Amino acid sequence: MISVLNVTKHFDEVHALSEVDLDIATGEFITIVGPSGCGKSTLLRIIAGLINSTEGSVNKPDTSMGAFVFQDAALLPWRNVQKNVELLMELESGFSKSERAMKAHDVLNQVGLEGFEKSYPHQLSGGMKMRLSLARSLVLKPDYLLLDEPLSAVDELTREVLQEEIHTLWKEEKFTSILVTHNVTEAVYLSNRVVVMSPRPGKITHIVDIPFKKRDQKLRSSTKFHKLIGDISGKLRTWKRKKYPHQF
Ligand code: ADP
Ligand code: MG
């Protein structure tokens with residue numbers, strides 16, 4: 001379990017997060033939605049240990065390993081697909097050349113990039129870049145994956161396909177997922193729970209359970225799916241109309 005305990009964050013005069021409490025169960029898929037600037041990325045970075053909170057703490061199992069997937073894929077343009085995936089293994093050392101190649105091969109197969117090992121990032125579509133970024137994060141079998149708006153740069157159709165692939169990877173690999181997205185449909189489709197945050201200073205205002213067992217096209221067109229999307233969008237819209245017109 002990952003526990004966020006009473007986390008508050010100030011950047012000089014900016015009060016980014018206020019008293020955030022959140023328990024994330026092992027193997028859970030949790031998604032954070034909220035208006036721009038409400039501190040979603042800041043919360044992910046605090047969970048990852050990339051920055052410190054001003055107050056409060058994050059507890060994670062001592063031996064757990066995390067990986068981050070960024071919006072812009074953050075690939076190294078001078079390394080080909082296989083070498084991008086092998087990067088972390090090279091940094092970790094302890095992996096022989098053949099071991100690295102084998103692990104890269106397996107994970108590239110998993111994300112549907114087999115055959116593109118020798119291609120360079122500039123030769124890939126937006127969706128393929130994101131697949132590569134996922135492969136690179138998953139190759140060392142992390143316990144938890146932090147995804148910061150990973151699909152916001154791809155077109156709508158690719159986005160749905162990638163959502164399904166992320167769901168399949170999560171089911172197969174059983175890592176804990178913490179996703180930040182602007183897209184409520186994506187949040188409802190992928191998650192066990194959706195966390196709704198308020199504008200700055202970011203606070204958790206609602207946590208919504210998503211009861212669906214199966215993710216497929218039938219769910220996407222169902223009334224219960226759209227009702228939940230409507231409920232969560234409604235919770236987000238309240239601020240647009242009332243207290244925070246300057247935020248939108
Ligand atoms: P979100 O991801 O929800 O859009 P962020 O976590 O990126 O929001 O930012 C929350 C607030 O904190 C914003 O007002 C942003 O400008 C501010 N902020 C984020 N990172 C820094 C930083 N390194 N220095 C100063 N202010 C920051
Ligand atoms: Mg952000």
Side-chain angles (χ1 to χ4, degrees), residues 2-24 29-58 60 66-75 126 129-130 133-134 136-137 142 144-156 158-159 162-163 166 176-191 193-208 229 232-248:
I2 298 173
S3 294
V4 177
L5 300 166
N6 200 30
V7 161
T8 290
K9 177 70 181 175
H10 294 272
F11 293 103
D12 301 319
E13 71 281 12
V14 177
H15 188 180
L17 290 172
S18 180
E19 296 172 351
V20 173
D21 277 304
L22 183 63
D23 281 341
I24 302 143
F29 201 120
I30 199 158
T31 299
I32 302 168
V33 296
S36 228
C38 77
K40 303 180 295 296
S41 297
T42 301
L43 180 57
L44 273 197
R45 283 187 281 148
I46 290 172
I47 292 172
L50 296 172
I51 56 174
N52 290 320
S53 58
T54 310
E55 280 168 48
S57 60
V58 174
K60 292 178 283 193
F68 218 115
V69 180
F70 297 97
Q71 177 178 351
D72 59 0
L75 303 168
K129 284 183 190 156
M130 199 35 73
S133 182
L134 274 169
R136 190 183 51 183
S137 301
Y144 61 95
L145 196 60
L146 306 169
L147 304 119
D148 196 356
E149 305 199 31
L151 305 183
S152 55
V154 298
D155 65 81
E156 204 41 46
T158 308
R159 189 169 187 137
L162 287 173
Q163 285 165 5
I166 288 172
T176 307
S177 283
I178 310 176
L179 168 75
V180 165
T181 182
H182 271 105
N183 187 312
V184 178
T185 306
E186 181 168 297
V188 172
Y189 188 76
L190 287 172
S191 314
R193 286 190 298 160
V194 176
V195 175
V196 181
M197 287 177 66
S198 70
R200 212 171 57 221
K203 268 179 179 278
I204 293 178
T205 57
H206 303 85
I207 299 183
V208 181
I229 293 168
I232 294 171
S233 302
K235 294 185 196 324
L236 284 164
R237 256 197 316 271
T238 346
W239 305 307
K240 287 194 192 181
R241 289 197 307 268
K242 292 182 190 157
K243 280 200 245 157
Y244 302 93
H246 58 285
Q247 290 278 351
F248 298 95

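Counting starts at 1 for both ligands and their atoms, following the listed order. Keep in mind it's a predicted model, so treat the numbers as computed, not measured. Sequence positions, counted from 1, serve as the residue numbers for this chain.
- Residue C38 has at least one N or O atom closer than 3.5 Å to an N or O atom of ligand 1.
- Within the 4.0 Å heavy-atom cutoff, R45 counts among the residues contacting ligand 1.
- Using modelled atom types and a 3.5 Å distance limit, the side chains of E186 and T181 yield a donor-acceptor pair.
- An N or O contact shorter than 3.5 Å links G39 to ligand 1 by distance.
- Using a 4.5 Å heavy-atom threshold, the side chains of D23 and I2 count as separate.
- Between C38 and L17, the shortest heavy-atom contact is O-CD2, 3.9 Å.
- Counting protein heavy atoms only, atom 5 (P) of ligand 1 is closest to T42 OG1, 3.6 Å.
- To the nearest 0.5 Å, the span separating CD1 on I47 from CD1 on I24 amounts to 4.5 Å.
- Using a 4.0 Å threshold on non-hydrogen atoms, atom 10 (C) of ligand 1 counts as touching the protein.
- There is no protein heavy atom closer than 4.0 angstrom to atom 16 (O) of ligand 1.
- Note that CE of M197 is 11.5 Å distant from CG of L236, once rounded to the nearest 0.5 Å.
- Backbone or side-chain N, O or S atoms of T42 do not reach the Mg ion (ligand 2) at under 2.8 Å.
- At least one N or O atom of R200, backbone or side chain, sits closer than 3.5 Å to an N or O atom of ligand 1.
- Atoms CG and CD1, from L22 and I178 in turn, are 7.5 Å apart once rounded to the nearest 0.5 Å.
- Of the N or O atoms in G37, one or more lie within a sub-3.5 Å distance of an N or O in ligand 1.
- Numbered from 1 in the order shown, with element, the atoms of ligand 1 that lie under 4.0 Å from a heavy atom of S36 read 4 (O).
- Remark: F68 CZ to S137 OG distance equals 10.0 Å, nearest 0.5 Å.
- Once rounded to the nearest 0.5 Å, the distance linking CG of L179 with CG of D148 reads 8.5 Å.
- For ligand 1 and V14, the ligand atoms under 4.0 Å from any heavy atom of the residue are 12 (O), 14 (O).
- Protein heavy atom at the shortest distance from atom 7 (O) of ligand 1 is S41 CB, 3.8 Å.
- Residue Q163 forms a side chain to side chain contact (heavy atoms under 4.5 Å, CB included) with just one option from T158, T185, L151, and that option is L151.
- In this structure, the protein non-hydrogen atom closest to atom 27 (C) of ligand 1 is F11 CD1, 3.3 Å.
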